[in-house]
Novice: 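Handing you a structure now.
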There are 2 protein chains.
Amino acid sequence: MLNVNGDAVLTTLRTLAGFGAVGSGVCRPALSPADLAARRWLAGEMEKIGLRATIDAVGNLYGAAPGADRSVLIGSHSDSVPTGGWLDGTLGLAYGLEIARAWMEAHPGAPVGIDLIDFSDEEGRFLSCLGSRSFCGDLPGLPAGFAEDAATTGLGSAPPIRLDPQRHRAFFEAHIEQGPRLEAAGLPIGVVTGIFGMRRYAVRFDGRADHAGTTPIALRRDAARLLYRFADACHHRFRQAGSTDSVWNLGKVSLQPGAVNVVVERGELLLEFRDLDPVALDSLSAALAMLVDEFDGQEGVRVSLEEAGRLAPVSLDATLQGLVADAADARGAGSMPLPSGAIHDAMVLARSVPTAMLFVPSIGGRSHTPVEDTRADDIVLGAHVLAQAVFTCAESL
Amino acid sequence: MLNVNGDAVLTTLRTLAGFGAVGSGVCRPALSPADLAARRWLAGEMEKIGLRATIDAVGNLYGAAPGADRSVLIGSHSDSVPTGGWLDGTLGLAYGLEIARAWMEAHPGAPVGIDLIDFSDEEGRFLSCLGSRSFCGDLPGLPAGFAEDAATTGLGSAPPIRLDPQRHRAFFEAHIEQGPRLEAAGLPIGVVTGIFGMRRYAVRFDGRADHAGTTPIALRRDAARLLYRFADACHHRFRQAGSTDSVWNLGKVSLQPGAVNVVVERGELLLEFRDLDPVALDSLSAALAMLVDEFDGQEGVRVSLEEAGRLAPVSLDATLQGLVADAADARGAGSMPLPSGAIHDAMVLARSVPTAMLFVPSIGGRSHTPVEDTRADDIVLGAHVLAQAVFTCAESL
């Protein structure tokens, strides 16, 4: 029996939480001094357990099992959003470090290893999933500003660490759920079926600025008025058009000139929707386009639509999902299949290598905030379940 | 017959438009170098026609008819909004200068004079109607920043020029309409019945920030979603609650955190409504409060209301309105009574002295923009009508 130590996982997590600590949360954006300090500390921990650690020019930190010619890869990210919590990303790294340690302890010098990777900039300070894209050869060039910032960090110019299909036979990422579904179901383990695809759109409303005291209501072309009505209608239409899993958000509005006493000339609504099912995404896109057609020209306001981003949904590997579910059963831990509404590095990896994700519950469903937390016994239980799934996978290679 | 020269009015307007000119518009905020240069030039023009010009410490420029012991006061303002047009405020000054000139030419040394005043900061760079408030003794103290800015302008520390009820028996302000009603009616002269009162409110929506990918729609407390629905409902309720003249605007929204991928935690909607009838204003306030009560708590979002400003409506002097209407009839100029939806210095003056306003049409109803304009023959006609009303008034004193 492999000896995975839950206390070691918690200690790693608490130590990582000290880098860029702000109250109970962390501020550790990619390439920040706190981010790099955390990576360098983690590189040292990898070396201590016998992995060979390297950091490349984009900030990816990779710990390779020496002597192995094939491996299970475990990974996540140590960068955070500016007002992040202590578990987002670090959970998967802390699990991976302890699981790799236990594996090497039990199988020193084995041809099958467990490698660990800490991807750079998952949170998209420069580009969402920058590190995993680079790792998978899916990064045509560095985004604006990255090279300038990287030059001041002492990251160096090591060649990119790349996915090696001969070596990396499977990828596992554990993560906090960042949502309320496991907590609501009272279950400690989520087996992730896939990662939601996403579409973003900008809806633009062009009316006319007028003095809000002197212009009768009937003579206005009020862009804000139509925007409010449109936004309200979106909720109703999306509910009809989407699947039961569909989510959407109308979280950003800008109004010009945006003064209490001037009729709004231009409004822009930035919205997104997500689903695992591409048919549902198409249906939501069609409903949005139809709504734009219906509203365009009403009350003298032009309404236009522009796509602002698109990510295809990704299904995760069924066999590996089975390993996670079986491992949960073996530990007596209740689990449920669920999709991930959030983007993860696993979304990038899944296009190139069999990939699985395990979720543990987020208290109150909260994430990307300093109050983000998970019960300690859920954290430890997740480590044991992931270890069992990874070991079973490694033993099959 | 008094000889009012329309060309002189146009020349004054064109000269004033040169101070702070930006394209076809002007940028002449209160206390800016362009504003002070315009005032000093106008002071010189006052002196040329025989008025005694003084500028006080707040920037009010006053031209007193020498030898008079009572007067009709004409005034408006030469400051502008940052992206202003050439006629807002200056129209009333150009009329006043020419009317005072014509009166003095016809009645040199008469005990009844025509005085002219150019109020400071009507547009509220520091405080809306700052100059007229100071003139009427309704300015408890200078607003923040004013004294610091004034110290660098060389304005001096002359004691405030004040309304003298023994001398100033009536106040006339001519202005562009800044709205589309005269143009829509095809009439060149508006006789202003009163100035809309205004109420402003901040409506606050408190929900919860959540990850927009991971949080099912049914488990959200989405402040933006309720805000959109509330804003849409306001338009319907205000239409029912207000008078046919009521106007309202929901022109400013802020969402926190305001990101496309985060459910909105807090939203704030800044709105106003205006009407001449205090009963209509009360009815609108009641409708708003009822709507807040109805929405508060829906979908887990708290909705609260805070009053952000209030101005009582002001009725203008009926006798003076009659003089303007009669003068229009006498010139064969079609006129209509209408309220002012915009605030003017006349709103402040009307509380202390019989006050009238005359409007000329704004092309397309546009104002506070460089495209603000009025047909030249309408400008000249307005000067003749105002002159006739003012002369009749002066002759009655």
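Only this structure's heavy atoms are used, side chains among them; waters, hydrogens and symmetry mates stay out. Quick note on labels: first sequence line is chain A, next is B, and so on, each numbered from 1.
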Novice: More than 12 heavy atoms of other residues, nucleotides or ligands under 6.0 Å from CD of B:E294: is that the case?
Specialist: yes
Novice: How far apart are the closest heavy atoms of B:D222 and A:N249, and which atoms are they?
Specialist: OD2-OD1, 4.2 Å
Novice: Between B:A184, B:G365, B:P216, which residue shows the highest count of heavy-atom pairs closer than 4.5 Å to chain A?
Specialist: B:P216
Novice: Taking every heavy-atom pair that is under 4.5 Å apart, which of B:R220, B:M198, B:H368 has the most such pairs with chain A?
Specialist: B:R220
Novice: Output the option from A:A231, A:P257, A:P339, A:S340 having the highest count of non-hydrogen pairs under 4.5 Å with chain B.
Specialist: A:A231
Novice: What residue, out of A:A308, A:G213, A:A212, has the most heavy-atom pairs lying under 4.5 Å from chain B?
Specialist: A:G213
Novice: Contact part of A:R229 toward chain B, heavy-atom cut-off under 4.5 Å: side chain, backbone, both or neither?
Specialist: both
Novice: Would you mind checking which part of A:L271 comes under 4.5 Å of any heavy atom in chain B, side chain (CB onward), backbone (N, CA, C, O), both or neither?
Specialist: backbone
Novice: Can you give me the closest heavy-atom contact between B:V253 and A:Y228, atom names plus distance?
Specialist: CG2-OH, 3.2 Å
Novice: Quick check: do A:T214 and B:F359 have side-chain heavy atoms less than 4.5 Å from each other?
Specialist: no
Novice: B:F196, B:W248, B:F273: which one forms the most heavy-atom pairs within less than 4.5 Å of chain A?
Specialist: B:W248
Novice: Among the options B:D275, B:D232, B:D210, pick out the one with the most heavy-atom pairs lying under 4.5 Å from chain A.
Specialist: B:D232
Novice: Does anything in residues 260-268 of chain B get under 4.5 Å of chain A by heavy atoms, and if so which residues?
Specialist: B:V260, B:N261, B:V262, B:V263, B:V264
Novice: Which one wins on heavy-atom pair count under 4.5 Å against chain A: B:A342, B:G251, B:A218?
Specialist: B:G251
Novice: Is A:L250 in contact with chain B via its backbone, its side chain, both, or neither, using a 4.5 Å heavy-atom distance?
Specialist: both
Novice: I want to check something: taking the side chain as every heavy atom from C-beta on, are B:R181 and A:T215 in contact at a cut-off of under 4.5 Å?
Specialist: no
Novice: So which of B:P180, B:A224, B:G179 has the largest heavy-atom pair count under 4.5 angstrom toward chain A?
Specialist: B:P180
Novice: Which atoms form the tightest heavy-atom contact between A:Q178 and B:H211, and what is the distance?
Specialist: O-CB, 3.8 Å
Novice: For A:L226, which atoms come within 4.5 Å of any heavy atom of chain B: side chain, backbone, both, or neither?
Specialist: neither
Novice: With respect to chain B, which residue among A:R274, A:H235, A:R208 yields the maximal number of heavy-atom pairs within a distance under 4.5 Å?
Specialist: A:H235
Novice: Name the region of A:R200, side chain, backbone, both or neither, that has any atom closer than 4.5 Å to a heavy atom of chain B.
Specialist: side chain
Novice: Heavy-atom distances under 4.5 Å only: say whether B:I217 touches chain A with side chain, backbone, both or neither.
Specialist: both
Novice: Less than 4.5 Å to any heavy atom of chain B: does that hold for the side chain of A:A259, its backbone, both, or neither?
Specialist: backbone
Novice: Measure distances from A:S246 to the heavy atoms of chain B and classify the residue's part below 4.5 Å as side chain, backbone, both or neither.
Specialist: backbone
Novice: Measuring heavy-atom distances to chain A, does B:R225 have an atom under 4.5 Å in its side chain, in its backbone, in both, or in neither?
Specialist: both
